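In each ligand, atom 1 is the first atom listed, and ligand 1 is the first ligand listed. This one's a predicted model, so the numbers in the text were calculated from it and none came from an experiment.
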Amino acid sequence: MKQLVLLFIVFASSNSFSQTIIRRDPQIEKMVMDVSADSLQSYINTLVSFGTRNTLSTTTNPQKGIGAARAWVLKKFNEFAKNSGGRLKAIIDTTTIAANGKRVDTPVLLGNVMATLKGTDPDDKRIFIISGHLDTRRTDVMDRTGDAPGANDDGSGTAAVIECARIMSGHAFPATIIFVAVSGEEQGLLGSTFMANKAKNENWDIEAVLNNDIIGSNNSNETNIVNNTKVRVFSEGIPVAATEKDIAKIKAYGLENDSKSRELARYIKEIGERYVDNLQVMLIYRIDRFLRGGDHLPYLKNGFTAVRITEMNENFTRQHQDVRKENGIQYGDLPEYIDYEYLRKNTALNLANLANLAKASSVPQDVKLKLKNLSNKTSLSWLPPKSGSVNGYYILMRETSSPVWEKKIFTKENEITLPFSKDNYFFAVQSVNESGNESLPVIPEASRD
Ligand SMILES: [Zn+2]
């Protein structure tokens, strides 16, 4: 089903403004249509068949436990690699975690299953990551033998990672995409901490991390809400990694609501709603839910940009529960409670965003908001991106109290003066290429030059 997305952009040329609408990129539209509810269901059924995927479970049994599960994910990635022209490479990245007196009581060889789709532009160092966690838990997080199906937590996120790898490995992108199913989430975010620390130490140029955790069920317990048309994106406000200098700037310019992760969340909403029908992205201005954490946190602590994507309504009779019946209620995270059409849409949301980001050129550089004189206008300037070709730039604009960008103004220049006061609006700049793929927005630095 094709539809035009009715987001108007304003073209600024020789002092006149004309309006047009942003159309879908046909290549991304095709990939989105390839996302299959049946594929997702088959991945989850296989994941559940391993009995438990607890991080402390067996790694030697070929049919049961985390070892068998990660070997299977690696096998899937290697199948997809055959159609990638040598660009997709998969490994199990391992590390030994010592007993820590918390959720690890014996040394464990932890493994993240990771497939890297190398970018085609050698000058483009950017990396985009989609992450889900392979491990599961029972009511007792230390129970490593009893069944812990984890169909939704986080079979759903893992299935989304595998499905995106299947489809995207058949396409070429200038930037690199990493598809990863981490371990050790339930034992204390161990796999994502290992990966985020490594990325920091090795200076990976990570532009965005999409952490998918619990994205496949459409209903709540207690309040009995059923809905498969909304999904939540959690993003931090004041960055956890902000320095005192960063915080002083945030206070001075009112940037409490413009962290890089929040800009990523806004981007995910715009692009997701452009490509995925009947799915509304709800921005949650919080790092995570109460009492909960997730695999985006180690990236944020290391100063990277990351969000958590989670279903709209959670059912707590399913999460972290032993499979059992009590007073007529079925407990446990079973595959029959997944809404595969909903999971298809949430997977497509990820795919559309990864594709748009990895196709776009990198962000405009040295973006400045000029403060030299008191003025009721707004002057911005910037330099071309480090990599990729640009057709032009979008200036994004919103009222200070608006949650999302309200205007996109197109220009081919490297500076612009707008008849709106910088005191009354927020602005940002994106690069946009010939096929309409836009980079993440950059909030300008206030400059007195
Ligand atoms: Zn989880």
Side-chain angles (χ1 to χ4, degrees), residues 40 43-44 47-48 50 52-57 66 69-70 73 102-104 110-113 129-144 147-163 179-196 209-221 231-235 284 286-300 306-323 331-335 337-339 342-343 346-347 349-350:
L40 292 160
Y43 305 150
I44 288 181
L47 290 168
V48 170
F50 297 113
T52 178
R53 306 191 302 279
N54 183 292
T55 302
L56 309 173
S57 64
I66 187 73
R70 66 194 189 200
V73 177
K102 290 185 252 172
R103 293 179 173 189
V104 179
L110 185 121
N112 294 332
V113 195
I129 297 178
I130 174 173
S131 179
H133 72 85
L134 185 58
D135 63 301
T136 60
R137 62 169 289 179
R138 286 168 62 86
T139 304
D140 173 6
V141 71
M142 303 306 286
D143 182 342
R144 66 209 68 186
D147 277 352
N152 197 24
D153 186 10
D154 185 26
S156 60
T158 302
V161 168
I162 297 171
E163 183 67 348
F179 309 88
V180 64
V182 300
S183 259
E185 196 272 352
E186 305 289 7
Q187 309 310 119
L189 311 179
L190 304 176
S192 53
T193 299
F194 168 56
M195 187 162 163
V209 179
L210 310 186
N211 171 36
N212 287 268
D213 197 350
I214 315 179
I215 59 166
S217 163
N218 63 23
N219 62 84
S220 68
N221 58 318
V231 63
R232 294 177 292 175
V233 178
F234 289 82
S235 61
I284 309 287
R286 272 203 177 110
I287 197 164
D288 209 324
R289 300 104 76 232
F290 283 101
L291 304 174
R292 310 296 289 273
D295 288 322
H296 53 311
L297 303 180
Y299 292 96
L300 295 174
V307 295
R308 176 193 185 110
I309 301 172
T310 295
E311 64 198 20
M312 190 65 211
N313 303 291
E314 290 178 80
N315 191 317
F316 298 111
T317 61
R318 313 270 157 74
Q319 284 180 35
H320 303 184
Q321 294 280 359
D322 293 350
V323 177
Y331 289 83
D333 193 353
L334 297 165
Y337 299 124
I338 303 287
D339 175 341
Y342 182 48
L343 179 55
N346 290 336
T347 304
L349 168 80
N350 278 271

Are any non-hydrogen side-chain atoms of V141 and Q187 less than 4.5 angstrom apart? yes
Nearest heavy-atom contact between I215 and N346 is O-ND2, 2.8 Å
Heavy atoms of R292 and I214 approach each other most closely as NH2-CD1, 4.2 Å
Hey, is R53 close enough to E186 for a salt bridge, meaning N to O under 4.0 Å? no
So which protein N/O/S atoms does the Zn ion (ligand 1) have within less than 2.8 Å? H133 NE2, D153 OD1, D213 OD1, D213 OD2
Check whether any side-chain heavy atom of V180 sits under 4.5 Å from a side-chain heavy atom of M195, and report yes or no. yes
I'd like to know if the side chain of R103 reaches the main chain of G188, judged simply by a donor and an acceptor atom lying under 3.5 Å from each other, with no hydrogens or angles considered. no
